[in-house]
Amino acid sequence: MVKVLVLFYSTYGHIWQMAEAIAEGARQVEGAEVVVKRVPETLPVEVLEKMNAIDAQKAFAHIPIATTAELPSYDAIIFGSPTRFGTMTAQLKSFLDATGGHWASGALVGKVGSFFTSSATQHGGNEVTVLSSLPVLLHHGMVYVGLPYSCSTQMGLDEIKGGSPYGCATIAGGKGERLPSDQEKEMARFQGKHVTTIAKKLFQ
């Protein structure tokens with residue numbers, strides 16, 4: 001059995017929906033055990049209220065919160081975060097910053113890693129957010145797997161959409177009004193299945 005963790009931070013639910021689609025794809029691989037978890041919120045409630053995020057986060061409040069201690073128990077970890085000025089959110093970065101013990105012991109060396117994201121606009125930094133996440137994963141010795149062009153959905157011109165060879169993405173809109181499209185979810189499912197397939201080959 002190959003164990004996969006889809007680990008995300010989401011403010012308004014866009015990344016959560018992509019995480020669920022990734023998990024759907026990962027579960028298509030025979031023998032895969034797939035878990036979806038989120039990292040702790042670090043913003044105070046009063047700030048989240050001003051951001052109008054409280055109600056949105058209730059939709060995925062049932063998703064369990066991960067601990068750094070459990071990370072080595074997975075064969076693959078697929079990380080998801082909205083973009084914040086071309087980088088992952090402080091919430092996910094804070095979580096990863098607490099994995100120094102795993103780095104010191106080499107607990108994540110050889111594990112499969114992948115990343116997905118969202119941005120407000122088509123050119124809002126979703127590609128560079130994935131790329132800027134790579135140093136953390138590579139410092140841990142993880143094997144990065146992206147979204148290959150065999151997923152031809154990312155090449156279509158029929159709609160504005162996220163997605164690149166680095167990882168799937170969704171375009172949320174300036175006010176978060178656009179939810180992941182069917183094509184973006186299709187790319188997410190592809191990535192989940194692809195990452196899990198690679199992990200299965202490595203660990204079985």
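What you see is a predicted model, and the numbers here were worked out from it, not measured in a lab.
From Leu71, atom CG reaches atom CE of Met142 across 8.0 Å, with rounding to the nearest 0.5 Å. With rounding to the nearest 0.5 Å, the separation of CG in Asp97 from OG1 in Thr68 is 11.5 Å. Here the OG-NZ distance, from Ser181 to Lys161, works out to 7.5 Å after rounding to the nearest 0.5 Å. Taking CZ from Phe79 and OG from Ser133, the interatomic distance works out to 8.5 Å, rounded to the nearest 0.5 Å. Distance check, rounded to the nearest 0.5 Å: CE of Met187 to SG of Cys151 gives 6.0 Å. Note that CZ of Phe203 and CD1 of Ile198 are 11.5 Å apart. Values are rounded to the nearest 0.5 Å.
Heavy-atom neighbours of Asp158 CG from other residues, nucleotides or ligands within 6.0 Å: above the threshold of 12. Heavy-atom contacts from other residues, nucleotides or ligands closer than 6.0 Å to CD of Glu30 number 12 or fewer. The 12-atom threshold is not exceeded at NZ of Lys193, counting heavy atoms of other residues, nucleotides or ligands nearer than 6.0 Å. Summarising the local packing, NZ of Lys93 is surrounded by 12 or fewer heavy atoms from other residues, nucleotides or ligands at distances under 6.0 Å. Atom CD1 of Ile160 has 12 or fewer heavy atoms from other residues, nucleotides or ligands within 6.0 Å.
Taking each heavy atom of His14 and Ser10 in turn, the nearest pair found is N-OG, 3.6 Å. Scanning all heavy atoms of the two residues, the minimum distance from Thr83 to Gly125 falls at OG1-O, 3.7 Å. Contact between Cys168 and Gln191 at its shortest, heavy atoms only, is N-OE1, 2.7 Å.
For Tyr166 (side chain) and Thr129 (main-chain N/O), no donor-acceptor pair under 3.5 Å exists by modelled atom type. Listed for the Ser81 side chain is a donor-acceptor partner under 3.5 Å among the backbone atoms of Thr89. Under a 3.5 Å cut-off, the side chain of Arg38 and the backbone N or O of Ile63 do form a donor-acceptor pair. Counting only distance, with no hydrogens or angles, the side chain of Gln154 and the backbone of Pro148 share a donor-acceptor pair below 3.5 Å.
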**OP:** Assess whether side chain to side chain contact (heavy atoms under 4.5 Å, CB included) is satisfied between Lys111 and Tyr74, documenting all intermediate values.
**Re:** CA-CA 8 Å; Lys111 306 285 188 180; Tyr74 298 98; 6.0 Å; no
**OP:** Please assess Phe116 against Ile15 for the test side chain to side chain contact (heavy atoms under 4.5 Å, CB included), listing each intermediate value before the final yes or no.
**Re:** CA-CA 8 Å; Phe116 61 101; Ile15 286 292; 3.7 Å; yes
Original post:
Hey, mind stepping through Val4 and Ile78 against side chain to side chain contact (heavy atoms under 4.5 Å, CB included) and telling me if it holds?
Top reply: CA-CA 8 Å; Val4 178; Ile78 308 174; 4.1 Å; yes
Subject >> Intermediate values then yes/no, side chain to side chain contact (heavy atoms under 4.5 Å, CB included), Thr67 and Lys37 >> reply: CA-CA 9 Å; Thr67 65; Lys37 291 194 175 185; over 6 Å; no
Please output the side-chain donor-acceptor pairs of residues 16-25 that fall under 3.5 Å, not counting sequence neighbours, one pair per line with the distance.
unit_1	atom_1	unit_2	atom_2	d
Trp16	NE1	Glu20	OE2	3.1
Glu24	OE1	Arg189	NH1	3.4

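For the side chain to side chain contact (heavy atoms under 4.5 Å, CB included) test with Thr170, the passing option among Ser119, Pro82, Ser118 is Ser118; the others fail. Considering Val145, Val112, Asp75 in turn, Val112 is the only one that fulfils the side chain to side chain contact (heavy atoms under 4.5 Å, CB included) rule with Leu202.
A continuous path of Ile, Leu, Val, Met, Phe, Trp and Tyr side chains, each step under 4.5 Å between heavy atoms, connects Phe115 with Val39, placing both in one hydrophobic cluster. The hydrophobic clustering, which links ILVMFWY residues whose side-chain heavy atoms are closer than 4.5 Å, places Leu96 and Leu131 together. Cluster membership check: Phe95 shares its hydrophobic cluster with Leu137, using side-chain heavy-atom separations under 4.5 Å among Ile, Leu, Val, Met, Phe, Trp and Tyr. Linking ILVMFWY side-chain heavy atoms closer than 4.5 Å, directly or via other members, places Val47 and Ile54 in a single hydrophobic cluster. Hydrophobic clustering of Ile, Leu, Val, Met, Phe, Trp and Tyr side chains at less than 4.5 Å, counting indirect connections, unites Ile77 with Leu134.
With contacts defined as side-chain heavy-atom distances shorter than 4.5 Å, the pair Pro72/Leu108 qualifies. Counting only heavy atoms from C-beta outward, the side chains of Tyr144 and Val130 approach each other to under 4.5 Å. Considering only heavy atoms from C-beta on, His140 comes within 4.5 Å of Thr99 through its side chain. Under the 4.5 Å side-chain criterion, counting only non-hydrogen atoms from C-beta, Gln91 is not in contact with Pro40.
Between the side chains of Thr11 and Gln57, no donor-acceptor pair is found at a separation under 3.5 Å. Looking at Tyr9 and Glu41, their side chains do bring a donor and an acceptor atom within 3.5 Å of each other.
In this structure, Arg178 pairs ionically with Glu184, as a charged nitrogen and a carboxylate oxygen lie closer than 4.0 Å. Under a 4.0 Å N-O distance rule, the pair Asp55/Lys58 qualifies as a salt bridge.
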